[in-house]
Amino acid sequence: MKKIAFVLLLLVTTITFAQNKNAKVSIEVDGVCLMCKERIEKAAIRAKGVKSATWNVETHELKLIYDERKTNLKAIQQCIANVGHDTKEIKATDEAYNSVHPCCLYRDKDVQKDHKN
């Protein structure tokens, strides 16, 4: 009887955790303009399991909703780095960074200064 109760309890617990599939998280992603916004959001959405991605140009905050069963935060950050944008955890390669539009070169101090105006 104890075994049956234990298995039943384990089954109910597993079902409860399985229903909590959507994770909400915010990460910082470097960029400077609306073209960056479009590129960052598209890269995040293309990652398997991402349901929502919204990047704020002013704060550099990317808000994500994703299915933890299908992906993880590191994989999403890698997709973003692959299109040329740095996150706190993963830096874009020089090749990926240099592939972005010249006005999006966020590592360049002059470009940052131009976008502040």
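Each residue takes its place number in the sequence, starting with 1. As the structure is a computational prediction, the values presented were derived from the model and not from experiment.
Ring pair Tyr97/His85: centre-to-centre distance not below 6.0 Å.
Using a 4.5 Å heavy-atom threshold, the side chains of Lys91 and Gln77 count as separate. Within the 4.5 Å cutoff, the side chain of Lys51 has heavy atoms near those of the Asn22 side chain. Considering only heavy atoms from C-beta on, Ile27 comes within 4.5 Å of Val29 through its side chain. Looking at heavy atoms from C-beta onward, Ile76 lies in side-chain contact with Leu64 at the 4.5 angstrom threshold. The closest side-chain heavy-atom distance from Lys74 to Gln78 is not below 4.5 Å.
No side-chain N or O of Glu68 forms a donor-acceptor pair with one of Asn72 less than 3.5 Å apart. Remark: the Tyr106 side chain and the Asp86 side chain contain an N/O donor-acceptor pair separated by less than 3.5 Å.
Rounded to the nearest 0.5 angstrom, Leu34 CG and Cys104 SG are separated by 9.5 Å. The CG atom of Asn56 sits 10.0 Å away from the CG atom of Leu62 when rounded to the nearest 0.5 Å.
Looking at every heavy atom in both residues, Lys37 comes nearest to Trp55 through NZ-O, 2.7 Å. Across every non-hydrogen atom of His115 and Val32, the tightest pair is CD2-O, 3.4 Å.
Look at Asp114 and Lys109 and you find no salt bridge, because none of the NZ, NE, NH1 or NH2 atoms lies under 4.0 Å from a carboxylate O.
At most 12 non-hydrogen atoms from other residues, nucleotides or ligands lie less than 6.0 angstrom from CD of Glu89.
If you chain together hydrophobic residues whose side chains sit under 4.5 Å apart, Ile80 and Val57 fall into the same group. Residue Ile40 is grouped with residue Ile45 when hydrophobic side chains (ILVMFWY) are merged at heavy-atom distances under 4.5 angstrom, including chains of intermediate members.
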